Amino acid sequence: MKSQEIRSEFLEFFKKKQHKIVASAPMVIKDDPTLMFTNAGMNQFKEFFLGNTEPKYARIADTQKCLRVSGKHNDLEEVGKDTYHHTMFEMLGNWSFGDYFKKEAIAWAWEFLTEVCGIDRDTLYVTVFEGSNDADNLEKDVEALNLWKEIVPESQILFGNKKDNFWEMGDQGPCGPCSEIHVDIRSAAEKAKISGASLVNNDHPQVVEIWNLVFMQYNRKANGQLESLPAKHVDTGMGFERLCMVMQGVQSNYDTDVFTPIIREIETITNSSYGKDEKVNIAIRVIADHIRAVSFSIADGQLPSNTGAGYVIRRILRRAIRYGFTFLDTKEPFMFRLVNVLSDTMGKAFPELKSQKQLIENVIKEEEHSFLKTLDQGLVLLDTIISNNKGNQIDGRKAFELYDTYGFPIDLTALILQERGLTLDEKGFDVAMQEQKDRSRSASEISKEDWTVLSKDLEQEFVGYDLLETNVKLVKYRKVTSKKDGEQYQLVFNLTPFYPEGGGQVGDKGYLEAANGDVIYILDTKKENNEIIHFAKNLPKNTAETFKAVVDEKQRRRTEANHTATHLLHQALREILGTHVEQKGSAVHSKYLRFDFSHFSKLTTDELKAVENFVNARIDGNLPLEEGRNVPMQKAIEQGAMALFGEKYGDAVRTIRFGQSIELCGGTHVKATGDIWHFKIKSEGAVASGIRRIEAITSDAAKEFYFESNKTLSEVKDLLNNTNDPVKMVTSLQEENAKLKKEIESLLRDKAKNLIGDLLNEIETINGIDFLAKKVDLDAAGIKDLSFEMGSNKDNLFLLLAAENEDKALLSCYISKELVANKDLSAVTVVRELGKHIQGGGGGQPFFATAGGKNPGGIAEALNNAKSYVV
RNA sequence: GGGGGAUUAGCUCAGCUGGCUAGAGCGCUUGCCUGGCAGGCAAGAGGUCACCGGUUCGACUCCGGUAUUCUCCA
């Protein structure tokens with residue numbers, strides 16, 4: 001069976017069991033601070049398990065793209081070395097939210113594998129949780145055991161410990177026992193030698209887990225205790241690539257038709273072959289895996305960058321480039337050429353790959369380019385380190401610096417050292433790395449207390465679209481402590497006018513007012529697992545009373561103007577540049593807006609002007625806001641609303657329309673475009689290959705901008721005697737200035753010549769040395785010029801010049817190089833010794849030195865004593 | 001968010017421990033030479049040494065801050 005069919009058979013199977021089939025959520029997570037990427041099929045349903053939101057369907061099934069590269073599940077460095085680890089993979093899953101439980105989950109899993117997929121029953125093993133004797137004191141999962149006994153021979157049922165058979169998504173949150181299904185795909189001969197049962201959960205590449213059925217029945221609290229969940233859920237996950245391996249009768253995920261087209265392409269592009277040399281095999285697997293992870297992330301709108309999720313993507317891409325560089329001898333960008341075949345094979349199930357193909361290629365190519373440059377630079381630096389090194393071990397700290405500051409991969413360093421017969425001080429490197437980690441951790445340490453729940457109000461309504469002020473009651477709160485912000489309280493209300501940060505728009509600020517007039521400031525508002533969390537410095541004294549919640553109106557109004565302007569800008573760009581323009585990021589603050597979009601070249605001045613005019617024309621039109629709340633997704637799309645890739649939308653969406661601009665948007669907007677007042681682009685530039693950024697201002701900020709530039713202009717005009725053409729005036733002033741400068745220069749040159757002439761005449765010859773000590777009326781630079789000029793006229797010159805400037809004394813001494821060499825004279829000693837008379841010190845080079853001092857009265861004395869050096 | 005590095009001519013970069021009248025290669029301008037292959041020779045223009053402040057007789061160089069950017073950690 002082809003992988004495409006396996007995927008659709010799975011979805012079809014559960015559709016028949018009354019499951020709603022939903023689309024994969026984006027792989028990059030945007031509204032959960034605890035997680036950067038979707039790392040399990042259940043992520044998009046987390047809020048249902050936590051009970052923050054009521055699910056619309058009790059049964060759901062899907063295929064979810066996942067990425068495991070950081071945090072608890074970190075497989076990155078394993079990928080490629082074996083045949084079954086991946087960064088990105090698909091997770092097939094079926095869910096029950098308070099609906100069916102263990103009985104159906106077990107029976108259906110078995111039915112799908114044995115009847116739909118036709119997998120031999122004798123090759124399957126199942127595991128059941130054995131219970132635990134630790135603090136949790138959990139019982140054996142007898143319920144699951146009995147259910148399995150009905151369909152599987154007991155010899156194929158095994159017991160698993162807490163590590164393998166008790167699933168937890170993190171330190172806190174829902175959890176429960178699980179049953180795994182493993183499959184033994186070894187040859188008959190090998191099966192005869194060792195029983196499959198003894199190899200389950202033993203990292204055998206051909207006895208692998210393919211499906212995990214999790215039975216969520218507990219909630220883990222911050223203090224580590226478990227409490228029973230009111231409604232029990234089922235969460236299952238089956239590795240798609242592994243299932244394909246079993247179904248296609250091959251021994252490795254990389255031999256399934258999910259990967260073979262990519263591998264063939266790598267072989268062609270890099271002129272290598274898979275299956276001969278293990279080092280090459282590893283490199284090819286790394287590249288085949290990573291190109292998927294990176295391409296999907298970019299399609300989800302996450303570009304490689306140097307922070308957060310973007311940094312993880314960059315690291316994955318660089319790891320692949322590195323393997324190519326070392327083992328496939330690729331010294332030019334090549335990964336971007338794989339996007340084509342990837343989009344051909346997976347574009348059907350994931351259309352974002354097809355529509356974003358050009359962008360994905362551009363971004364990857366650009367990254368490859370810059371990393372190859374980093375490698376080049378690193379190779380040079382490593383060469384210098386090696387040639388300056390004594391002994392045959394390289395200091396670990398040096399290697400760490402190379403890695404930390406210049407981004408040169410440590411394994412490449414080790415490899416190169418090995419080739420040259422040197423060793424790396426790995427301990428020193430590890431120590432330095434640990435120090436770096438400790439620094440980062442202590443800087444970002446954050447501790448959260450358990451929520452104090454005051455009432456069980458499930459619906460936390462957002463009323464901020466209509467109200468900026470309303471009475472609220474506290475539902476729950478907790479204290480969080482971090483090094484950066486100190487102690488803060490997170491507050492959740494039954495309803496709130498505060499907009500939580502999202503869709504690029506910043507969270508609202510404002511305050512809470514108690515009945516007695518006490519005020520608590522709300523510093524920021526964010527969304528976490530579909531709850532609106534308000535950040536405050538203090539906790540109200542009486543948490544039970546009703547508060548007046550007031551949003552900072554000025555900031556909100558300005559932000560709204562910028563948000564609406566962002567929509568109009570988006571429309572303008574698509575209208576003027578073309579429909580290839582897609583939003584790639586957006587930041588809406590009260591002071592400015594920032595909009596990133598896909599476009600291939602720099603905008604011309606004319607285009608920028610046209611965009612500005614387009615937006616301002618719509619502002620002049622004073623288009624009213626037409627808001628649709630709870631519009632069915634399908635209907636919104638039919639109306640022409642723009643949905644963004646990498647965003648998660650529900651079935652009912654909110655549409656925002658101003659004239660012809662319609663977007664799906666949860667943000668807040670002006671009542672009519674006239675409120676924006678004016679739109680002004682401040683800058684346009686590139687953020688990545690194929691991505692441009694526009695920064696702009698509106699309303700008060702635009703007023704301020706014009707006020708300021710107008711003020712400057714009037715001041716300039718004022719200075720130019722109120723001319724009505726300041727540009728012409730300044731141009732002619734500049735020309736005149738340049739002319740005058742030249743004239744002054746030549747005059748000064750003449751003057752210096754005369755001065756030099758005079759001074760040359762004053763020189764007395766003492767013992768064959770041309771000597772002169774004199775006070776002149778010049779600054780330090782002038783004296784230097786003069787000295788060097790005179791020095792070029794005389795070969796045996798001893799020149800001491802002094803000057804007085806702003807109550808300070810300056811001495812400078814020039815001694816021709818011949819004298820320095822032959823007579824053992826040094827200008828440095830001269831100025832140091834004579835400097836005493838002016839209460840100062842100095843230095844320089846043997847043939848020219850200067851000294852400064854606080855006592856101009858001593859200049860005469862210093863000049864008088866100069867002669868002693870030549871007599 | 002935290003650490004480290006970088007910012008010098010249009011471009012790519014030197015400039016050690018504070019004192020060199022801030023340099024090189026490429027590019028540019030001008031002139032001359034020349035049957036070519038990045039033509040040769042000569043002359044020249046081009047610098048707020050990122051910005052602000054401090055230390056010092058003296059800062060491209062040292063210290064603090066800001067901006068931009070690279071990089072590592074989270």
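Here is the naming used below: chain letters follow the sequence lines, and residue numbers restart at 1 for every chain. Just so it is clear, the model here is predicted, and its values are computed rather than measured.
- Comparing B:U71, B:U21, B:C73 by their closest approach to the side chain of A:Arg314 singles out B:U71.
- Taking atom P in both B:G25 and B:A43, the straight-line distance is 12 Å, to the nearest Å.
- Backbone-only engagement by A:Gly407 is indicated by non-hydrogen atom pairs under 4.0 Å involving sugar-phosphate atoms exclusively.
- Taking the ring-ring contact (aromatic ring centres under 6.0 Å, His included) definition, one finds that A:Phe408 meets it with nothing, sequence neighbours left out.
- For the P atoms, the distance linking B:A24 with B:G47 amounts to 15 Å, nearest Å.
- Distance check on atom P: B:U29 versus B:G46 gives 16 Å, rounded to whole Å.
- The A:Tyr311 side chain lies nearest to B:C73 when the options are B:C73, B:U71, B:U21.
- Between A:Arg322 atom CZ and B:C72 atom P the separation is 10 Å, expressed in whole Å.
- A cation-pi contact, defined as under 6.0 Å to the ring centre and within 45° of the axis, links A:Lys331 to A:Phe325.
- Distances shorter than 4.0 Å separate some side-chain N or O of A:Lys784 from OP1 or OP2 on B:C20.
- When the P atom of B:C72 is taken as reference, atom CG of A:Asp411 falls 12 Å away, rounded to whole Å.
- For the pair A:Ile783 and A:Val776, the minimum side-chain heavy-atom distance is below 4.5 Å.
- Taking atom P in both B:C16 and B:U21, the straight-line distance is 15 Å, to the nearest Å.
- Nearest-nucleotide mapping onto RNA chain B: of A:Ser370 and A:Gly844, the residue sitting toward the 5' end is A:Gly844.
- Side-chain to base pairing of A:Gln436 with B:C72: one donor and one acceptor N or O lie within less than 3.5 Å of each other.
- Residue A:Arg315 places its side chain closer to B:A74 than to any other of B:G2, B:A74, B:U71.
- Residues A:Phe535 and A:Tyr489 place their aromatic rings such that the two centres sit no closer than 6.0 Å.
- The separation of B:U7 from B:C49, taken at their C1' atoms, amounts to 10 Å, rounded to a whole angstrom.
- For the pair A:Glu501 and A:Lys527, the salt-bridge criterion is not met [side-chain N within less than 4.0 Å of a carboxylate O].
- Per the geometry, CD belonging to A:Glu366 stands 11 Å off P belonging to B:C70, to the nearest Å.
- When rounded to the nearest whole Å, the span between CZ of A:Phe788 and C1' of B:U21 equals 6 Å.
- In this structure, the side chain of A:Arg68 engages the main chain of A:Asn39 through a donor-acceptor pair within 3.5 Å.
- Ring-plane geometry between A:Phe595 and A:Phe597 is classed as parallel, the angle between the planes falling under 30 degrees on a 0 to 90 degree scale with a further cut at 60.
- Salt bridge A:Arg397/A:Glu435: present, at least one basic N to carboxylate O contact under 4.0 Å.
- Residue A:Arg397 is classed as having no contact, given no heavy-atom separation below 4.0 Å to the nucleic acid.
- The C1' atoms of B:A59 and B:G1 are separated by 34 Å, rounded to the nearest whole Å.
- In this structure, CD1 in A:Ile859 is found 12.0 Å from CG in A:Asn864, a value given to the nearest 0.5 Å.
- Taken together, the paired segments of RNA chain B that extend over three or more consecutive Watson-Crick or G-U pairs, each closer than 3.5 Å at both contacts, are B:1-7 with B:67-73, B:10-13 with B:23-26, B:28-33 with B:39-44, B:50-54 with B:62-66.
- Only the C1' atoms considered, B:G18 is 6 Å distant from B:U61, to the nearest whole Å.
- No contact: A:Gly840 has no heavy atom under 4.0 Å from any strand.
- Atom CG of A:Asp596 is separated from atom OG of A:Ser586 by 8.0 Å, given to the nearest 0.5 angstrom.
- At whole-Å resolution of the value, CG in A:Leu382 and C1' in B:U71 are 17 Å apart.
- Between the OH atom of A:Tyr814 and the P atom of B:G19 there is a distance of 18 Å, rounded to whole Å.
- The distance between atom CE of A:Met433 and atom P of B:G3, rounded to the nearest whole Å, is 17 Å.
- Using atom P as the reference point in both B:C60 and B:U55, the two lie 16 Å apart (nearest Å).
- Nearest-nucleotide positions on RNA chain B for A:Tyr403 and A:Lys373 put A:Lys373 closer to the 5' end.
- Between the C1' atom of B:U71 and the CD1 atom of A:Ile321 lies a distance of 15 Å, rounded to the nearest Å.
- The side chain of A:Arg832 contributes no N or O atom lying less than 4.0 Å from OP1 or OP2 of B:C57.
- Classification of the A:Tyr869-A:Phe798 ring pair by plane angle, with boundaries at 30° and 60°, yields parallel.
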For nucleotides 4-6 of chain B, print each protein N/O atom paired with a nucleotide N/O atom at under 3.5 Å, atom names and distance only.
unit_1 : atom_1 : unit_2   : atom_2 : d
B:G4   : O2'    : A:Thr405 : OG1    : 2.8
B:G4   : N2     : A:Thr405 : O      : 3.2
B:G5   : O2'    : A:Tyr406 : OH     : 3.3

